[in-house]
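Worksheet: the structure to be examined is printed underneath.
Sequence lines set the chain letters: A, B, ... in the order given, protein chains first and strands last, and positions in each chain run from 1.
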Protein chains: 2
Amino acid sequence: MSSPPRTLKIGLVGFGNFAQFLAKTMLKHGHTLTATSRTDYSDLCLQLGILFFRIPVSFLEANNDVIVFCTSILSLSDVIKAMPLNVLKKPTLFVDVLSVNQHPRDLLLQELPEDSDVLCTHPMFGPESGKNGWKDLAFVFDRVRIQNEALCSSFLQIFAGEGCRMVEMSCEEHDELAAQSQFLAHTIGRILAETRTESTSINTRGFETLLHLKENTLRDSFDLYKGLFMHNKFAARELEKLEVALQKVKQKLLEGTNEEPNIGLANH
Amino acid sequence: MSSPPRTLKIGLVGFGNFAQFLAKTMLKHGHTLTATSRTDYSDLCLQLGILFFRIPVSFLEANNDVIVFCTSILSLSDVIKAMPLNVLKKPTLFVDVLSVNQHPRDLLLQELPEDSDVLCTHPMFGPESGKNGWKDLAFVFDRVRIQNEALCSSFLQIFAGEGCRMVEMSCEEHDELAAQSQFLAHTIGRILAETRTESTSINTRGFETLLHLKENTLRDSFDLYKGLFMHNKFAARELEKLEVALQKVKQKLLEGTNEEPNIGLANH
Ligand SMILES: NC(=O)c1ccc[n+]([C@@H]2O[C@H](COP(=O)([O-])OP(=O)(O)OC[C@H]3O[C@@H](n4cnc5c(N)ncnc54)[C@H](OP(=O)(O)O)[C@@H]3O)[C@@H](O)[C@H]2O)c1
Ligand SMILES: NC(=O)c1ccc[n+]([C@@H]2O[C@H](COP(=O)([O-])OP(=O)(O)OC[C@H]3O[C@@H](n4cnc5c(N)ncnc54)[C@H](OP(=O)(O)O)[C@@H]3O)[C@@H](O)[C@H]2O)c1
């Protein structure tokens with residue numbers, strides 16, 4: 001096996017919000033980047049020193065060591081299936097950074113050539129929470145199919161080198177924990193947006209944390225949130241738990257009193 | 001009208017969690033405290049330099065300038081009605097610190113002698129959020145019936161002097177804003193407790209703020225939360241908005257897709 005390459009040729013598929021955020025740090029580490037996306041990012045890429053390919057074939061022929069899927073969760077399947085993977089010139093490490101893990105794992109194993117490596121990851125931070133560096137922020141990964149260990153380590157070093165807390169776990173375990181934590185937080189943020197929750201002149205500290213949560217949730221696309229739900233098999237259960245919990249809280253508020261609350265519940 | 005007394009004789013009715021927290025700062029300001037409560041706090045009061053009366057009559061005869069109701073929202077009515085207010089020796093400033101305002105306002109105006117003053121307040125902080133001082137934390141108040149301005153100012157100075165943001169508003173306005181903010185935050189905290197939300201090994205920042213919210217909410221008694229609901233006429237509407245919002249979010253997650261999410265919703 002070849003010794004670990006110092007600088008990698010990394011291709012990014014999907015050059016939206018999160019890919020742009022990741023690219024800055026990858027460039028800082030001295031890696032050479034190429035990108036392709038639905039939207040034309042030629043100008044932005046030119047500024048950043050990234051080669052942008054409008055056509056997937058040209059992107060795939062660019063001889064990348066690593067190809068990172070940074071598309072929305074919902075579009076990954078279509079994006080992969082539209083790629084003429086037979087033009088690849090060498091065994092490549094395929095990585096995804098989607099906020100769910102089992103779904104890309106299944107897709108990548110199904111669609112990619114057998115000689116390619118597969119690393120499923122989820123950096124548990126984004127442009128907002130990671131704006132002051134990535135130190136101590138969790139980077140979750142699963143070495144799904146790795147033959148070239150050196151290459152995989154070089155790629156992981158981008159995150160380890162930034163001080164991320166490197167958490168290796170199965171895609172399934174990730175999805176279960178992420179549904180209980182991240183999906184739940186996004187759901188509360190979306191609910192608060194739906195109730196049009198706004199700052200008042202008498203915010204408590206607790207309420208202020210909810211306002212921040214709402215604002216941060218809305219920075220992410222609805223596609224991202226929907227992807228968390230549609231492609232994480234544990235998410236629907238968490239949503240249901242939330243519904244049940246709300247009903248239980250309501251019941252506890254009403255139980256044991258014959259009085260109606262001050263206002264009749266029907267009174268509005 | 002007499003000049004503002006420098007040090008006040010303040011009597012606390014209800015010497016639970018929040019009264020003990022307030023008492024420390026009142027003592028620091030040099031005021032003389034007495035207390036009465038359902039539970040016997042004689043020993044604790046002795047340590048703190050507070051005179052504790054088991055019997056309401058003796059408490060009322062102690063010639064306080066100010067009497068502060070610090071009981072639970074749910075018990076205020078019974079507590080006031082059980083007090084032999086006719087033994088009061090002089091016009092007194094009655095204050096409440098309940099987390100709702102209209103309910104104590106109505107009760108105090110109804111039950112207290114007409115020559116007594118009434119100040120409804122809500123310090124929008126507690127032992128947790130106020131543990132490092134009260135600077136910039138909101139203190140909401142309504143001078144419901146004040147004849148002795150000097151006495152009222154001296155009392156308010158406890159909070160102003162600590163750097164609280166002094167917010168004067170009607171009891172009704174307070175209740176409306178507090179339902180939209182504090183009650184909502186408590187409700188989310190209670191819901192999270194009900195879903196048994198716990199820390200995972202891969203918490204996002206957003207999720208961590210929810211864990212803190214849950215923990216802080218559970219530090220307050222369920223009586224307090226129930227009081228926020230039962231005696232704030234705007235609270236039921238907020239609870240209903242939350243239910244509707246959850247359904248809307250769910251609907252948006254499911255709409256426009258013929259696919260079921262990855263897991264069948266019935267699948268658990
Ligand atoms: N934002 C975060 O904090 C964060 C953190 C960790 C992981 N992630 C993951 O990173 C990925 C990207 O996230 P994001 O925040 O940039 O927003 P996103 O809305 O999840 O994804 C946007 C990206 O998906 C592409 N895309 C969307 N629909 C497409 C379609 N129908 N066909 C082809 N491409 C399509 C967009 O391409 P164009 O730009 O070319 O339109 C863009 O590159 C997601 O999988 C997300 O779960 C995000
Ligand atoms: N905790 C906070 O952060 C905070 C902040 C602002 C305002 N407040 C308000 O301050 C008041 C006190 O709050 P808290 O945190 O101490 O907890 P709480 O559970 O709301 O009230 C506890 C107090 O109520 C008394 N009490 C409860 N049931 C009673 C009954 N049936 N008969 C007589 N007394 C009864 C307790 O007396 P014993 O101790 O003698 O049993 C204790 O003094 C509440 O009105 C609350 O809304 C609290």
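- In this structure, the portions of B/Leu246 lying under 4.5 Å from any heavy atom of chain A include both its backbone and its side chain.
- Look at B/Arg205 and A/Glu128 and you find no salt bridge, because none of the NZ, NE, NH1 or NH2 atoms lies under 4.0 Å from a carboxylate O.
- A heavy-atom distance below 4.5 Å is not found between the side chains of A/Gln180 and B/Glu198.
- Between chain A and the residues B/Ser181, B/Ala138, B/Gly206, the largest count of heavy-atom pairs under 4.5 Å involves B/Ser181.
- Using a 4.0 Å cut-off between a side-chain N of Lys or Arg and a carboxylate O of Asp or Glu, A/Lys252 and B/Glu194 qualify as a salt bridge.
- Chain A is approached within less than 4.5 Å, heavy atom to heavy atom, by B/Arg165, B/Val167, B/Met169 from residues 159-172 of chain B, ordered by number.
- Looking at B/Leu137, the atoms closer than 4.5 Å to chain A (heavy atoms on both sides) all sit in the side chain, from C-beta outward.
- Only the side chain of B/Gln247 comes within contact range of chain A, with heavy atoms under 4.5 Å apart.
- Only the side chain of A/Leu192 comes within less than 4.5 Å of a heavy atom of chain B; its backbone N, CA, C and O stay farther away.
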I'd like to know whether B/Glu243 forms a side chain to side chain contact (heavy atoms under 4.5 Å, CB included) with A/Glu243, so could you lay out the CA-CA distance, the side-chain angles of the two residues, the decisive distance to 0.1 Å, and finally the verdict. CA-CA 8 Å; B/Glu243 283 186 87; A/Glu243 283 186 87; over 6 Å; no
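- For the options B/Thr187, B/Ile202, B/Leu213, heavy-atom pairs under 4.5 Å to chain A are most numerous at B/Ile202.
- For the atom pair A/Phe207 CZ and B/Met124 CE, the distance stands at 9.5 Å (nearest 0.5 Å).
- Taking A/Ala193, A/Ala185, A/Gly126 one by one and counting their heavy-atom pairs under 4.5 Å with chain B, the maximum is reached by A/Ala185.
- Contacts between B/Leu210 and chain A at a heavy-atom distance below 4.5 Å involve the side chain alone, from C-beta outward.
- Proximity to chain A (any heavy atom under 4.5 Å) is shown, for B/Leu228, by neither the backbone nor the side chain.
- To the nearest 0.5 angstrom, A/Thr204 atom OG1 is 12.0 Å from B/Phe125 atom CZ.
- Per-residue counts of heavy-atom pairs under 4.5 Å with chain A were compared for B/Leu242, B/Thr217, B/Asn203, B/Leu211; the largest is that of B/Leu242.
- For chain A, the nearby parts of B/Arg190 are the backbone and the side chain; heavy atoms of each come within less than 4.5 Å.
- Between A/His212 and B/Thr209 there is no side-chain heavy-atom pair separated by less than 4.5 Å.
- Interface residue B/His174: backbone and side-chain heavy atoms are both found under 4.5 Å from chain A.
- Closest of all the heavy-atom pairs between B/Met230 and A/Leu253 is SD-O, 3.9 Å.
- A distance of 11.0 Å separates OG1 of A/Thr200 from CD of B/Glu176, quoted to the nearest 0.5 Å.
- Checked against B/Thr195 for a side-chain contact (heavy atoms from CB on, under 4.5 Å), the options A/Lys241, A/Glu238, A/Glu240 give a single hit: A/Lys241.
- Exactly one residue among B/Val249, B/Ile188, B/Val244, B/Ile191 makes a side-chain contact (heavy atoms from CB on, under 4.5 Å) with A/Ile191. That residue is B/Val249.
- Counting heavy atoms from C-beta on, the side chains of A/Leu177 and B/Ser201 come closer than 4.5 Å.
- Only the side chain of B/Phe222 has a heavy atom closer than 4.5 Å to any heavy atom of chain A.
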